[in-house]
*Asks:* 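One structure is given below, represented as structure tokens, and several questions about it will come after.
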Amino acid sequence: MFIVDYKSIEDKWKKRWLNKGIFEANPTKRKKCFVTFPFPYVNGPLHLGHSFTATRVDVYARFKRMQGFNVLFPFGFHATGEPILGVAERLKKGDDAQKQILLREGISEDEIEKFKDPKYIVRFWQKRIENDAKNLGLSVDWRRKFTTIDPTFNRFIEWQYNYLKKKGYITQATHPVVWCPHCQSPTGDHDRLVGEGESPIEYVIIKFRFDDKILPAATLRPETVFGVTNIWIRPDSEYIVAEVDGEEWIITPTAIEKLKDQLHHVKVKDKIKGRSLVGKYAKNPVTGKEIIILPASFVDLNNATGVVMSVPAHAPYDWIALQDLKKTKAIEKEYGIKLSDIEKIEPIKIINTSSIMGIPAEEFCKQFGVQSQLDKEQLDKATNELYRKEFHQGVLNENTKNYANLKVSSCKKQLAHDFKNQGIASSIWELTGKVVCRCSTETHVKILENQWFLKFSDFEWKKLAKKCIDQMKFYPEEARKQFEEVVEWLEDKACARKSGLGTRLPWDPEWIVETLSDSVIYMAFYTIAHYINEHKIESHYLKDEIFDYVFFGVGNPEKIANKGITKDLLLKMREEFEYWYGQDMRGSAKELIPNHLTFSIFHHVAIWSDDVEKWPKAYTINGMQQMYGQKMSKSKGNYITIQEAIDKYSADAMRITLMDSTEGMDDPDWTEKATLVWKNKLDNIYKILKENYNKGKAETILDKWLTSRMQEHIKTITENLENLKTKSAVTVLHLMINDIQWYLRRTKPGKALNYALEVLVKCFSPFTPFICEEMWQTMGKKEFVSISEWPKSDREIDKEVLQLEEFVKNLCEDLNEVIKLAGKKDNLYLYVASPKEFDYYNEAKDFLKKEFGFKKVVVFKSSEAEYDPEGKAKRAKFGKPGIYLE
RNA sequence: GCAGGAGUCGCCUAGUCUGGUCAAUGGCGCUAGGUUCAGGACCUAGUCCGUGAGUCGGUGCCUGGGUUCAAAUCCCAGCUCCUGCACCA
């Protein structure tokens, strides 16, 4: 039995690589290749998803290294943002759920205690991830590692943002966000328990006069103010009288908090019962009409102001509520309203839509089978449908005076604007649906003042980004279009937040640079990070002018040098940056296209606007790793960390299985079975190698054949790897193995077999580096296969032999079939059409005897056949000999 | 809804740009035989349908149309799946 001890092989070579520093790259005269991978976020170990992208990049790095490039593959750790801080804070508060999660990760109680310090969390996972990466066999130059919360890195980001600001790429604006009042921070889509996809939306407030006060009715359809017949109020609720921007408004308690967060001056004055308003009259500020205030149960106290204007012609809710009320005799007793006053309220139609003849709300209520205002589900459907229709097709009619004949879709904004100017309207922001923060607090909209934005909308900036994309290579090429699209629609992006780990904006330290914005040019930092690490350079020595010199070559190094950074060191840093930058290849999953990868392009062209050489040169995009056909998810149980996988299946088997899954933007799928199969295969290759390497020096026609075949394979696998087509490359590996096995079936080990096995091991080594080093050593090689020379297709290809051997293969197939029909026979007579075939088949006689158990094999030239009982000689064609068995 | 990508012989995948050499690559699985003091093994053959078999016939690359002497490949329409849609890493 033959079992490879992967564990010890992995340990052995991992250590040797590190000790010899073979992946540490320094500037030389050789051509460089700078390869990067988006650094992982350090709140957990590496998992299968990371390994797919990382291995792809590593395979490329190893391939290029063997091709003779001076390859730099660095690795860093992303720690900025909310999540890590969140873990620490939850633990500090004694959150048991958080503790349980960490316990389940296998972290000890003692350790968890230390997790209350976010910096400790970063250090903890950083160590773990570094180990994971090493165990996976990533060919990284570890001298250059850093985390994004290192003070030196913070200085780098400060420099970056100072520079961007100087160039005018940063602006300040006021902007509505989904806001958690507890966290005091915007609540992004991924930070929500409820309400993914919901966003802020602006309601227009129409100020209905009510004595000396104002009833602010909030609406998404300000144009319908011309059709208002009454106001709706929740009679059972308490309202607040408050001074808002110098006026007295009557609103719900929840509206108070919202308005405060939306740049209104709010002062609470008094409380008032909803029912006390019912039956009274207010004045429509647009039409001047006196309208009655009526009770309605559908009014949502948590939405906007809690005061609703009723447009029964166009709003299904209003229409049905009015119908309900007309049937409610009790209203006379309850509120002292005459039923006749309600009965005489008629809907006022103000929008004409070609397909709707009568009262739109009435028609839609009937169409959707709405019975009463409690029929919420159908009412919502009817409302949405009608709103859509009237928005796109509706035209305002004569009831709207100045706005008559305008399309709803085009006049909406103008109308709201006009009303605001006239002082009869205001606005309140609401959410399109309920949003609950991860901390379980319900959120609302806050208008953030003076927030800092990256001006991605800038026309000139976009133009540069497009130029960069035009010059770039994309693997696969299909990804290019999406980058072009993203640049097109990208708008200004908020680049700072109030909370989380990270770098403070140097000119406005209240703000912390947001995490997607501090990880766009960090790859440049790799080029100097090892100097900072080695010399233990303190952050305060890294002044802006140091970075200006290193990254732009601006300034006099003599003058810029300081106590922490000598002139020599400065010159070295500059040289290093100049040598390595830009990136020759960056690999990532497709989800990062619309954000990180595009942002990175934007920043590069902004910062090195005149130096095209520093721009990214190529991106390779892959799909999202799946497990057993499903998305990976911890809770669903289909989740595996790299360490678990390596322990169970070996790093090599994992790596090659992933590379064998898919190579485009489709999602790769991982199953245990495929990995086990690969593990066997690797075992078997090792076995074949041990049994056959250096076993013979003879040189036959088959050695010519094998060498020729290998030339073709080398050519294709090289092409495939140049284009990051890992799956296709693995297919070539299969073909190589098949050919070697055919060779061994055909003949005894000869000279070409050694060559083929060497090529095979080299070609496998980017995929399965550990076992390849072991095999290379077994073959008696002294240096590492990882830095050996990539095979070149530089030997003779004997096309004739390739063809003739193909004939032999075909002959075997034919013989199989004939024997299946005719049964086993002792003698084979072959009638061939050409002298070359004659010689070739004669050489193959022994093989045919062995393979099919013939006692005698005779080959005739068809023209000179001495024995031919069935006249097969006449039928012999080139490549298709006549066959006679007896 | 909007934008980008994709749908291939039981499964995963190559081929599509540049139409013919494509019943279509490689792997997995399956079937049969061999081998091995039995292991996640290895070797060989077969694996769309019909036929004992073929340099035979049929069907065939999401569905439906079209262009062409010729379509997996080009054009049009539809269906399904993946990713993203922002202040979140």
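Since the model is a prediction, treat every value here as computed from it, not as a measurement. Sequence lines set the chain letters: A, B, ... in the order given, protein chains first and strands last, and positions in each chain run from 1.
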*Asks:* What's touching nucleotides 14-21 of chain B from the protein side, N or O pairs under 3.5 Å?
*Replies:*
from, atom 1, to, atom 2, distance (Å)
B:G15, OP1, A:K725, NZ, 3.0

*Asks:* Take atom NZ of A:K119 as the centre, draw a 6.0 Å sphere, and report whether it contains more than 12 heavy atoms from other residues, nucleotides or ligands.
*Replies:*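 Atom NZ in A:K119 is not packed in, count stays at 12 or less.
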*Asks:* With both distances under 3.5 angstrom, what nucleotide forms a Watson-Crick or G-U wobble pair with B:A6?
*Replies:*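 Looking at the geometry, B:A6 pairs with B:U80.
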*Asks:* Is A:K631 close enough to B:U83 that one of its side-chain N or O atoms is under 4.0 Å from OP1 or OP2 there?
*Replies:*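 Result: yes.
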*Asks:* Any side-chain N or O of A:R745 under 4.0 Å from OP1/OP2 of B:U44?
*Replies:*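 Yes, such a contact exists.
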*Asks:* Pairing check on B:U31: which nucleotide meets the Watson-Crick or G-U wobble criteria with it, both distances under 3.5 Å?
*Replies:*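 Pairing partner, where one exists within any strand: B:A45.
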*Asks:* Given that both distances must come in under 3.5 Å, which nucleotide forms a Watson-Crick or G-U wobble pair with B:A53?
*Replies:*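 Check on B:A53: unpaired, no WC or wobble geometry under 3.5 Å.
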*Asks:* Would you measure the distance from the C1' atom in B:U8 across to the matching atom in B:G15 and give it in whole Å?
*Replies:*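 It comes out at 9 Å once rounded to the nearest Å.
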*Asks:* When you compare B:A32 with B:G60, how far apart are their C1' atoms, in angstrom units rounded to a whole number?
*Replies:*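 That atom pair is separated by 27 Å.
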*Asks:* Please state whether the base of B:A41 and the side chain of A:D683 form at least one donor-acceptor pair under 3.5 Å?
*Replies:*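 Checked by distance alone, the answer is no.
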*Asks:* Considering just the side-chain nitrogens and oxygens of A:N684, establish if one lies under 4.0 Å of OP1 or OP2 belonging to B:G40.
*Replies:*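 For B:G40, OP1/OP2 do not have a side-chain N/O of A:N684 under 4.0 Å.
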*Asks:* Could you work out the separation of B:U35 and B:G7 based on their C1' atoms and round it to a whole Å?
*Replies:*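 It comes out at 42 Å once rounded to the nearest Å.
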*Asks:* From the options B:G40, B:A89, B:A3, select the nucleotide whose nearest atom is closest to the side chain of A:P83.
*Replies:*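 So the nucleotide nearest the side chain must be B:A89.
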*Asks:* Taking any strand in view, what nucleotide pairs with B:U73 in a Watson-Crick or G-U wobble way, both distances under 3.5 Å?
*Replies:*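 Answer to the pairing question: none, since B:U73 forms no Watson-Crick or G-U pair.
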*Asks:* Could you measure between the two P atoms, the one in B:U31 and the one in B:C49, and give it in whole Å?
*Replies:*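 Result for the P pair: 16 Å, nearest Å.
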*Asks:* In whole angstrom, give me the gap between the P atoms of B:A3 and B:A77.
*Replies:*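 Rounded to whole Å, the distance is 14 Å.
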*Asks:* Are A:W670 and A:Y649 close enough that their ring centres sit under 6.0 Å apart?
*Replies:*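 Judged by ring-centre distance (under 6.0 Å), A:W670 and A:Y649 do meet the cut-off.
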*Asks:* Using purine N1 to pyrimidine N3 plus N6-O4 or O6-N4 for Watson-Crick, or N1-O2 and O6-N3 for G-U wobble, both under 3.5 Å, which nucleotide pairs with B:U68?
*Replies:*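 Here B:U68 is not engaged in any pair, so there is no nucleotide opposite it.
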*Asks:* Output yes when at least one side-chain N/O atom of A:T515 is less than 4.0 Å from OP1 or OP2 of B:A89, else no.
*Replies:*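 Checking A:T515 against B:A89: at least one side-chain N or O falls below 4.0 Å of OP1 or OP2.
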*Asks:* Less than 4.0 angstrom between a side-chain N/O of A:Q741 and OP1 or OP2 of B:C43, yes or no?
*Replies:*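 Answer yes for this pair, as a side-chain N or O of A:Q741 is under 4.0 Å from OP1 or OP2.
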*Asks:* Taking the side chain of A:K481 as heavy atoms from C-beta outward, which of B:G4, B:C82, B:A86 is closest to it?
*Replies:*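 Closest nucleotide to the A:K481 side chain: B:G4.
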*Asks:* When you get a sec, tell me which of B:G5, B:G84, B:G46 is the closest nucleotide to the side chain of A:E478?
*Replies:*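 Minimum distance to the A:E478 side chain belongs to B:G5.
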*Asks:* With a 3.5 angstrom cut-off on both distances, give the Watson-Crick or G-U wobble partner of B:G19, or none if there isn't one.
*Replies:*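 Paired with no nucleotide.
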*Asks:* Starting the side chain at C-beta, find the nucleotide from B:U83, B:G26, B:G27 nearest to A:T731.
*Replies:*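 Closest of the options to the side chain of A:T731: B:G26.
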*Asks:* For the residue pair A:K455 and A:W461, would you count it as a cation-pi contact if the rule is NZ or CZ under 6.0 angstrom from the ring centre and within 45 degrees of the ring axis?
*Replies:*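 No, a cation-pi geometry is absent between A:K455 and A:W461.
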*Asks:* For B:C85, which nucleotide in any strand shown is its Watson-Crick or wobble partner with both distances under 3.5 Å?
*Replies:*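 For B:C85, the partner nucleotide comes out as B:G1, under the 3.5 Å rule.
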*Asks:* Of the candidate nucleotides B:G5, B:A86, B:C28, which contains the atom at the shortest distance from the side chain of A:E491?
*Replies:*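 So the side chain of A:E491 is nearest to B:A86.
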*Asks:* Aromatic ring centroids of A:F602 and A:Y169 under 6.0 Å?
*Replies:*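 No - the distance between ring centres of A:F602 and A:Y169 does not fall below the 6.0 Å cut-off.
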*Asks:* Is the gap between the ring centers of A:Y522 and A:H78 under 6.0 Å?
*Replies:*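 For A:Y522 and A:H78, the ring centres are not under 6.0 Å apart.
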*Asks:* With respect to the side chain of A:N738, which nucleotide from B:U83, B:G27, B:G46 is positioned closest?
*Replies:*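 From the listed options, B:G27 comes nearest.
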*Asks:* Just checking A:K462: does its NZ atom have more than 12 heavy atoms from other residues, nucleotides or ligands closer to it than 6.0 angstrom?
*Replies:*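 Correct, the count exceeds 12.
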*Asks:* Rounding to the closest angstrom, what is the interatomic distance between B:G54 and B:G5 at atom P?
*Replies:*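 Looking at atom P only, B:G54 and B:G5 are 44 Å apart.
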*Asks:* Would the A:W678 and A:H734 ring centres measure less than 6.0 Å apart?
*Replies:*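 So the answer is yes for these two rings.
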*Asks:* Provide the Watson-Crick or G-U wobble partner of B:U25, both distances under 3.5 Å; none if there is no partner.
*Replies:*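 Answer to the pairing question: none, since B:U25 forms no Watson-Crick or G-U pair.
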*Asks:* Could you work out the separation of B:G40 and B:A45 based on their P atoms and round it to a whole Å?
*Replies:*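 The same atom, P, in both gives a distance of 26 Å.
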*Asks:* Could you check which of B:C42, B:A86, B:G29 has an atom nearest any side-chain atom of A:K673?
*Replies:*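 So the side chain of A:K673 is nearest to B:G29.
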*Asks:* Expressed as a whole number of Å, how far does the C1' atom of B:C75 sit from that of B:A24?
*Replies:*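 Straight-line distance between the two C1' atoms is 23 Å.
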*Asks:* Please enumerate all protein N or O atoms sitting under 3.5 Å from an N or O of nucleotides 51-55 of chain B, with distances to 0.1 Å.
*Replies:*
from, atom 1, to, atom 2, distance (Å)
B:U55, O2, A:K877, NZ, 3.2
B:U55, N3, A:K877, NZ, 3.1

*Asks:* Around atom CD of A:E491, are there more than 12 heavy atoms of other residues, nucleotides or ligands at under 6.0 Å?
*Replies:*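 Not more than 12 within 6.0 Å, no.
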*Asks:* Atom pairs under 3.5 Å, N or O on each side, protein against nucleotides 34-36 of chain B: can you list them with distances?
*Replies:*
none

